[in-house]
Amino acid sequence: MGKYKRTHMCGQLGLANVGEAVSVTGWVQRTRDLGGLIFIQLRDRSGIVQAVVNKDVTEELFELAGKVRGEYVLAVSGEVIKRAESAINPKMSTGYIELAVKELEVISKAETPPIYIEDDLNASETLRLKYRYLDLRRPVMQKVFITRHKVAKVVRDFMDENGFLEVETPMLTKTTPEGARDYLVPSRVQPGNFFALPQSPQLFKQILMVSGFDKYFQIVKCFRDEDLRADRQPEFTQIDLEMSFVDKEDVMELNERLLQRVFKEVLDYDIQLPVPKMTYKEAMERYGSDKPDTRFGLELKDIGDIVKTSEFKVFADTIANGGLIKAINAEGCSDKLSRKEIDSLGEFVKTYRAKGLAWINLSAEGVKSPIAKFLKEEELNAIIDRVGGKTGDIIFIVADSPKVAYDSLGQLRLELARRLELIDKSKYNLLWVTEFPLLDYDEEENRYVAMHHPFTSPMDEDIQLLDTDPKSVRAKAYDIVLNGYELGGGSIRIHNSELQEKMFGLLGFSKEQAWGKFGFLLEAFKYGTPPHGGLAFGLDRIIMLLTGTDNIKDVVAFPKTQTASCLMTNAPSPADEKQLNELNIKTTV
RNA sequence: GGCCCAGUAGUUCAGUUGGUUAGAAUGCCAGCCUGUCACGCUGGAGGUCGACGGUUCGAGCCCGUUCUGGGUCGCCA
């Protein structure tokens, strides 16, 4: 740095400093040259302060100040002076004072930046990502990463106070079957062999329980080579934890206290404990989602029993084929949604594979519905009665396979809430979703797959059903949901080898296959395994919720685009011939 | 892999039915200006209309392909 040692941060200066000689450093936000008087707004992480250069000080200083441009890095020394009454700017936190410059050093010049360093910029995301270092200078972005730092600190403090140890697990690990695609890393010293970057530290943390660490946590990067979304990055951060000698209530109790602490210290928001619990079954039936947003109503109602013998074939056939008929009553929407908008909602549910969206408009002029003519009057009345319909409401109905009916109406529920602005944005509704199914049937592979992962324990009262009715077995698994976002999930794991083998059997693995895939874990389990369970939070999603963005790129310092590339570094890029030869790799593109 | 949207000065955008020299705002450069804080005034520079191909007397505009970015479904145990 230059000859002037910094004494204060820009944003800290105020009336208390009036009369002091200070030195500040930072980037030039803006200059205003009035001819005989030059104002320079200087910005650092703490805020912006106005420096003023008067022609009367020295000619050299004034000439130098006139050459200063935006984003130059300066060191400025002078006296803090109180602004005249008429010159006060109440919009700036430092607007009651200014710095009368005595000395000025241009530490570094800057080219004209391609994006403005301002909070309300509307530059394209492409440019922001290419010039991420400039984008990150914006105060809103700096605030996000201050929040992110705070959350990580609160988590570490809390975990430490509760007896947890942070242990690092490897980034170069073994590729795991089932689950997402792995990012692979070639081994040079073992030609033809590959490491995988971890999708999660799952198996290592379970082994740490075998090792007697008792309570483990880690704030850790995880990698999944799947297609991106607005809320999904190929590398992301988990708050990962595991505990020994606990049942699911212990894990849930600890984690809701953790979240309570984070919300208190970061947002000064009070979360009431205990967090409400809802079974998976109830969540699906009432909200069509395993991560329901409970800040508003619009709940789903089942009308299958009313229309299962209906002459309307669409409904009767759906029930006969094991499907569901679900309805939402959009209260008071009759005069809020035009016919065109209703049709667009029909297109909307098709995104989720629904074949169609039936509706009954209970308008003031009478019942309008394309399906009314197929229904008997008592069927129509029973439907209206079931959903509590009254004049002015519109009832939306989907008849489809259970998955499609839940999915499409669950999403329609969210879409209606957005369009009708039913969501109270000041609320943070936490919810535990529990009793997830242990298994999910994969139609393509014609076998059961683990809904959570193969080491998730079934509920004690359902173990007997493993032989007779695997599909209805519930797991000791739990997700924590906030405003419709899955913040984290976990489970109690299997620590009994007979049960574990039965589980592998259900998943269609032979003993040999299971040992081939997970041998190191099964081997470890032979040497004394405590009952254990844990949970992992998506840190990025927590930060999104805390900072009020729905774009994960806003909470990651150097994020990837939809094609998983970094616009700043241009990664990924081709490797040169020498590197590939050393790794014994040939590419075919 | 499917569907949808966008790409024009440094930046954000406009650009009519396909028609002469592609505009605005802002930023940038220069000059003037001692209380600005979105400073003001005057002047100036700044364009491979994402790329390639086609239709046409003529394409920013129409057609095809492709690239890049965004959203989403599948996918993400």
Side-chain angles (χ1 to χ4, degrees), chain A residues 29-41 48-57 62 66-67 69-71 81 83-92 94-95 98 100 111-118 120-131 134 176-182 199-200 202-203 222-234 236 347-354 404 407-408 411 415 436-440 442 444-445 448-456 475 477 486 489 491 503 507 517-518 538 550-551 553 560-563 565 567 570:
Chain A
Q29 181 71 28
R30 180 173 266 117
T31 61
R32 293 188 195 88
D33 186 343
L34 267 56
L37 193 63
I38 298 172
F39 295 102
I40 298 172
Q41 293 196 332
I48 293 175
V49 71
Q50 175 164 279
V52 57
V53 182
N54 198 301
K55 205 171 194 169
D56 305 337
V57 183
F62 192 75
K67 287 181 180 151
R69 295 291 179 268
E71 299 309 312
I81 56 172
R83 292 197 195 186
E85 201 67 33
S86 59
I88 287 171
N89 182 355
K91 281 187 275 183
M92 288 174 77
T94 59
E98 62 195 1
E111 290 186 13
T112 303
I115 59 174
Y116 305 134
I117 315 300
E118 283 169 359
D120 54 351
L121 112 158
N122 59 344
S124 73
E125 201 172 43
T126 309
L127 270 178
R128 290 178 51 203
L129 293 180
K130 181 170 179 191
Y131 300 97
L134 298 179
T176 46
E178 320 257 317
R181 287 188 196 92
D182 286 321
Q199 294 180 27
S200 106
Q202 181 63 38
L203 303 183
C222 300
F223 304 85
R224 289 178 194 173
D225 186 7
E226 295 293 345
D227 287 352
L228 282 72
R229 289 287 187 283
D231 61 354
R232 229 157 65 192
Q233 283 275 301
F236 58 99
E347 287 306 305
F348 177 82
V349 297
K350 281 182 187 163
T351 319
Y352 302 95
R353 303 261 177 281
V404 170
D407 248 28
S408 54
Q411 293 289 344
E415 179 70 10
F436 278 80
L438 183 68
L439 301 164
D440 201 11
D442 187 323
E444 276 176 35
E445 296 201 30
Y448 286 108
V449 293
M451 191 146 177
H452 194 54
H453 64 66
F455 309 100
T456 301
E486 181 195 328
S491 64
M503 182 71 179
L507 297 174
K517 290 168 195 235
F518 304 110
D550 47 14
N551 184 351
K553 298 192 206 78
K560 305 276 189 292
T561 65
Q562 201 168 72
T563 48
S565 58
L567 295 179
N570 278 326

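Just so it is clear, the values below take in all heavy atoms, side chains as well, and ignore hydrogens, waters and symmetry mates. Per chain, numbering begins at 1; letters A, B, ... match sequence-line order. The structure displayed is predicted, hence computed values, not measured ones.
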Q: Considering only heavy atoms from C-beta outward, does the side chain of A:Met503 approach that of A:Leu438 to under 4.5 Å?
A: yes

Q: Would you indicate what A:Asp440 reaches in the nucleic acid, counting non-hydrogen atoms under 4.0 angstrom: base, sugar-phosphate, or nothing?
A: nothing

Q: Please work out if A:Ala87 contacts a base, only the sugar-phosphate, or nothing of the nucleic acid, heavy-atom cut-off 4.0 Å.
A: base

Q: Expressed as a whole number of Å, how far does the C1' atom of B:rU42 sit from that of B:rG60?
A: 33 Å

Q: Given B:rU36, B:rC29, B:rG10, which nucleotide is nearest the side-chain atoms of A:Arg69?
A: B:rC29

Q: Take atom CG of A:Leu127 and atom C1' of B:rU12, then tell me their distance rounded to the nearest Å.
A: 11 Å

Q: In whole Å, I'd like the distance from the CE atom of A:Met92 to the P atom of B:rU36.
A: 14 Å

Q: Would you kindly check whether a donor in the side chain of A:Arg83 faces an acceptor in the base of B:rC37, or vice versa, at under 3.5 angstrom?
A: yes

Q: Looking across every strand, which nucleic acid part, if any, lies under 4.0 Å from A:Thr94 by heavy atom: base, sugar-phosphate, or nothing?
A: nothing

Q: Determine whether a donor-acceptor pair (N or O, by modelled atom type, separation under 3.5 Å) exists between the side chain of A:Gln199 and the backbone of A:Ala180.
A: yes

Q: Figure out the CG/C1' separation between A:Asp231 and B:rC75, and round it to whole Å.
A: 13 Å

Q: Could you tell me if the side chain of A:Glu71 sits less than 4.5 Å from the side chain of A:Leu134, heavy atoms only?
A: no

Q: Ignoring hydrogens and geometry beyond distance, is the side chain of A:Arg224 in donor-acceptor contact with the base of B:rC75 at under 3.5 Å?
A: no

Q: Would you say B:rU68 has OP1 or OP2 under 4.0 Å from some side-chain N or O of A:Thr126?
A: no

Q: Name the nucleic acid region contacted by A:Glu98, choosing base, sugar-phosphate or nothing; use a 4.0 angstrom heavy-atom cut-off, strictly under.
A: base

Q: Indicate, with a heavy-atom threshold strictly under 4.0 Å, whether A:Asp227 touches base, sugar-phosphate, or nothing.
A: base

Q: Atom CD of A:Glu85 to atom P of B:rG35: distance rounded to whole Å?
A: 18 Å

Q: With a 4.5 Å limit on heavy-atom distance, are the side chains of A:Thr561 and A:Leu228 in contact?
A: no

Q: Go through A:Val349 and A:Val404 one step at a time and tell me if the side-chain contact (heavy atoms from CB on, under 4.5 Å) criterion holds.
A: CA-CA 9 Å; A:Val349 297; A:Val404 170; over 6 Å; no

Q: Please state the P separation for the pair B:rU36 and B:rU16 - nearest whole angstrom.
A: 43 Å

Q: Base, sugar-phosphate, or nothing for A:Ile38, non-hydrogen atoms under 4.0 angstrom?
A: nothing

Q: Just wondering, more than 12 heavy atoms not from A:Arg181 lying within 6.0 Å of its CZ?
A: no

Q: Hey, is the side chain of A:Tyr116 poking within less than 4.0 Å of OP1 or OP2 on B:rU26, counting only N and O atoms?
A: no

Q: Please report, rounded to the nearest Å, how far the P atom of B:rC76 is from the CG atom of A:Asp225.
A: 12 Å

Q: Are any non-hydrogen side-chain atoms of A:Arg128 and A:Lys553 less than 4.5 angstrom apart?
A: no

Q: Pairs under 3.5 angstrom, nitrogen or oxygen only, protein versus nucleotides 38-41 of chain B, please.
A:
from	atom 1	to	atom 2	distance (Å)
B:rA38	OP2	A:Lys91	NZ	3.2
B:rC39	OP1	A:Arg30	NE	3.0
B:rC39	OP2	A:Arg30	NE	3.3
B:rC39	OP2	A:Arg32	NE	2.8
B:rC39	OP2	A:Arg32	NH2	2.1
B:rC39	O5'	A:Arg32	NE	3.0
B:rC39	N4	A:Asp33	O	2.6

Q: Nearest whole Å is fine: how far is B:rC76 P from A:Asp182 CG?
A: 13 Å

Q: Find the partner of B:rG18: check Watson-Crick (N1-N3 plus N6-O4 or O6-N4) and G-U wobble (N1-O2, O6-N3) distances, both under 3.5 Å, and reply none if neither fits.
A: none

Q: Between A:Lys553 and B:rG70, is there a contact of a side-chain N or O with OP1 or OP2 at under 4.0 Å?
A: yes

Q: Taking only the side-chain nitrogens and oxygens of A:Arg229, find out if one of them lies under 4.0 Å from OP1 or OP2 of B:rC73.
A: yes

Q: Does B:rG69 have its OP1 or OP2 closer than 4.0 Å to a side-chain nitrogen or oxygen of A:Thr561?
A: yes

Q: Can you check the A:Leu228 CG to B:rG71 P distance for me, whole Å?
A: 9 Å

Q: Would you mind reporting whether A:Asn54 and A:Leu37 have side-chain heavy atoms less than 4.5 Å apart?
A: yes

Q: Calculate the interatomic distance between A:Arg353 atom CZ and B:rC75 atom P; express it in whole Å.
A: 8 Å

Q: Would you say NZ of A:Lys517 has more than 12 non-hydrogen atoms from neighbouring residues, nucleotides or ligands within 6.0 angstrom?
A: yes

Q: Is the phosphate of B:rG71 approached by A:Gln562 (side-chain N or O, under 4.0 Å from OP1 or OP2)?
A: yes

Q: Does A:Ser124 put a side-chain nitrogen or oxygen below 4.0 Å from OP1 or OP2 of B:rU12?
A: yes

